[in-house]
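Inspection log for the structure reproduced underneath, given as structure tokens.
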Protein chains: 2
Amino acid sequence: MSGQPNVSLPVSRPGGYAPHVAKKEPVDLQLSVDRNSPVPLYFQLSQQLEAAIERGKLSPGSLLGNEIELAGRLGLSRPTVRQAIQALVDKGLLVRRRGIGTQVVHSQIRRPLELSSLYDDLEAAGQRPATRVLRLETTAADAEAAAALAVAEGAEVRLLERLRLTHGEPVAFLRNQLPPDLLRLEAGELERTGLYRLMRGAGITLHSARQTIGARAASPAEAELLGEEPGAPLLTMQRVTFDDTGRVVEYGSHLYRASRYAFDFQLLVRS
Amino acid sequence: MSGQPNVSLPVSRPGGYAPHVAKKEPVDLQLSVDRNSPVPLYFQLSQQLEAAIERGKLSPGSLLGNEIELAGRLGLSRPTVRQAIQALVDKGLLVRRRGIGTQVVHSQIRRPLELSSLYDDLEAAGQRPATRVLRLETTAADAEAAAALAVAEGAEVRLLERLRLTHGEPVAFLRNQLPPDLLRLEAGELERTGLYRLMRGAGITLHSARQTIGARAASPAEAELLGEEPGAPLLTMQRVTFDDTGRVVEYGSHLYRASRYAFDFQLLVRS
DNA sequence: TACGTTCGGTTGTCCGGACAATCCGAGGCA
DNA sequence: TGCCTCGGATTGTCCGGACAACCGAACGTA
């Protein structure tokens, strides 16, 4: 069991460019798994397939070879191969069709949906995000936060208010309330990175969030803060975030300049 | 194999209300599977567990009995039980912890994320949605739609403009462009139900969507149409929808009255 | 030609087993 | 008392096999 299988995956092109050639037009896809690696086999395979799709080695609409043969070539069992494929189906990259095969989904899509972090989003977009911490203190929870965090109204919470900027221009006003003993927050760190990244660093595994996105006109004070005219349209977002134990880790109530920001994400249908 | 196992699932309450009692406090959960049913066994189990959680029979934080014992009690194999549990983990209802067990996630969460349909959402909320079809014709695609539908600018598309109302009040202005030969659209049907429901009825399986949510001030014409003042904040949403073959089935560019509507959904972290 | 049937191919479901990785608590040791 | 080790419990990964359900295409028949 020391060898590392390294095979070419035959892929058929439905388009059929060469009519006289056999249906299966092998594309030299170098797949291999390392049994000595601590990384699960199905995960290794899944990652390699995803990379192949992302790099265009597997063109949209093309069929993957059948599971049984693929398993044989890689020296894996069919359940393991299925697990790898299933992971990509869940991600929306592949589609299974009984009696037909598994094919790469067309699409220009393919993108994060993710529990998005404004900081990470901006950074990924090449904007250099900056943060000004306006308030960081322990105060009484307001009504919305108390309901979201499931504590009594007026109970102590950690209150955080930030202004997020790119290129020196304000983009959003972020107001968070957190359980008081969840995390040690420091203004210095908060100006250097995002809140979610700090949470992950503290060993908190984010799991899901419930959020509401709306819009309203800016009040004079909000306009002043964000550099807009009073009455300008603002995007509002309220979000309650849960970690993997179901604990509420954060309630946020945010304002975004509609002229400079929009939410962008992908939805998958849950059958 | 003709019997229908019907067992009680022991559930331990971490809270431990009765200290002197054994740790496992069995809750009379009636689980059963019907091997003669065409419904897959894992799906039957999955649905029953979900129902139990939804009805509060399985309280948040409580542990499910271990997989092996549960499999034995139900007369199923462990992989089948795992498949059922995995489905609920994917839905965000359960959390697995190696060495500990599987527990019901705390939370007030639990809600649709879904590829939401405005019509269905309103109907589910008890609003009685109504629709006025303003335009339904074949025209040249505009720039955004052409890019989204991957056709040449100016190519023919089916254009649909609707006004959505509840209680006689406008809520949203919906503008869709579709591939011309995808679906036979009739104004009458469109006034009675939603677009997505018509698509599903025509055998189209919706798969995923990419959308952008922003805000802007209403133009005089838009304000007139929606019953707002010019300059009032409007929510905007652009959406490209794909079916399970990866085909683009719709490009929509919609306007919502921010005073009467907000987007509400749940996000799951994809690890 | 048009239609129905059959058949091969592929994924869907299910089983039973084996071992590894991880967590928590109990017990031992200093 | 406090720390460390160990072991039981539970999920994670992987295997090999079996049969069912479904799709498309080739084939045969009217």
Side-chain angles (χ1 to χ4, degrees), chain A residues 1 5 9-12 14 16 22-24 33-47 62-90 94-103 203 205 244-245 271, chain B residues 1 5 9-12 14 16 22-24 33-47 62-72 74-90 94-104 203 205 244-245 271:
Chain A
M1 289 295 162
L9 172 66
V11 172
S12 82
K23 268 187 181 174
K24 304 273 177 182
V33 292
D34 176 5
R35 298 195 90 97
N36 294 355
S37 163
V39 178
L41 300 178
Y42 78 91
F43 194 77
Q44 293 182 37
L45 177 54
S46 168
Q47 278 191 315
S62 59
L63 288 170
L64 249 61
N66 77 59
E67 301 170 349
I68 300 183
E69 188 198 8
L70 181 52
R73 281 168 177 271
L74 281 164
L76 298 174
S77 70
R78 186 177 167 220
T80 301
V81 172
R82 275 182 70 78
Q83 195 173 0
I85 292 176
Q86 188 59 46
L88 298 182
V89 170
D90 290 341
L94 297 178
V95 181
R96 292 180 193 274
R97 302 181 165 279
R98 191 190 308 212
I100 309 295
T102 303
Q103 50 184 316
T205 307
D244 59 355
T245 69
S271 53
Chain B
M1 287 297 163
L9 171 67
V11 173
S12 81
K23 271 187 181 175
K24 303 274 177 182
V33 292
D34 175 5
R35 297 196 90 96
N36 293 355
S37 163
V39 178
L41 300 178
Y42 79 91
F43 194 76
Q44 293 183 37
L45 178 54
S46 169
Q47 278 191 315
S62 58
L63 288 170
L64 249 61
N66 77 59
E67 299 169 349
I68 300 181
E69 189 197 8
L70 181 52
L74 281 164
L76 299 174
S77 70
R78 187 178 166 220
T80 302
V81 172
R82 276 183 70 79
Q83 195 173 1
I85 291 176
Q86 188 59 46
L88 298 182
V89 170
D90 290 341
L94 297 178
V95 180
R96 293 179 192 274
R97 301 181 162 282
R98 190 189 312 213
I100 308 294
T102 303
Q103 50 185 316
V104 181
T205 307
D244 59 355
T245 69
S271 54

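Given the structure is predicted, the values throughout are model-derived calculations rather than measurements. Chain naming here is simple, since letters A, B, ... match the order of the sequence lines and numbering starts at 1 in each.
Atom CG of B/Asn66 and atom C1' of D/dT10 are 7 Å apart (whole Å). Atom CG of B/Leu63 and atom P of C/dC23 are 15 Å apart (whole Å). A straight line from CZ of B/Phe43 to P of C/dC14 spans 11 Å, rounded to a whole angstrom. Here the P atom of nucleotide C/dT10 and the CD atom of A/Glu69 are 8 Å apart, to the nearest Å. B/Asn36 has its CG atom 13 Å from the P atom of C/dC14, to the nearest Å. In this structure, CG of A/Asp34 is placed 12 Å from P of D/dC14, rounded to the nearest angstrom. What separates CG of B/Leu94 from P of D/dG12 is a distance of 11 Å, to the nearest Å. Between the P atom of D/dG12 and the CD atom of B/Glu67 lies a distance of 6 Å, rounded to the nearest Å.
Here A/Gln83 pairs with nothing under the side-chain hydrogen bond (donor to acceptor under 3.5 Å, both in side chains) rule; sequence neighbours left out. Partners of A/Ser77 according to the side-chain hydrogen bond (donor to acceptor under 3.5 Å, both in side chains) rule, which considers only residues two or more places apart in sequence or in another chain, are A/Thr80. Considering only residues two or more places apart in sequence or on other chains, B/Arg78 meets the side-chain contact (heavy atoms from CB on, under 4.5 Å) condition with B/Glu67, B/Ile68, B/Arg82. Looking at residues two or more places apart in sequence or on another chain, you find no side-chain hydrogen bond (donor to acceptor under 3.5 Å, both in side chains) involving A/Gln44. A/Arg97 pairs by the salt bridge (charged side-chain N to carboxylate O under 4.0 Å, His left out) definition with B/Asp244, not counting sequence neighbours.
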Check: What string of B, S and - do you get for nucleotides 15-23 of chain D 5' to 3' if you count protein non-hydrogen atoms under 4.0 Å?
Finding: BB-B--BBB
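Contact check for B/Arg35 versus B/Leu76: side-chain heavy atoms found under the 4.5 Å cut-off.
The shortest distance between the side-chain N/O atoms of A/Arg96 and the OP1/OP2 oxygens of C/dT10 is not below 4.0 Å. OP1 or OP2 of D/dT13 has at least one side-chain nitrogen or oxygen of A/Tyr42 nearer than 4.0 Å. OP1 or OP2 of C/dT10 has not a single side-chain nitrogen or oxygen of A/Thr102 nearer than 4.0 Å.
Closest non-hydrogen pair, A/Leu94 versus A/Ile85, comes out as CD1-CG2, 4.0 Å.
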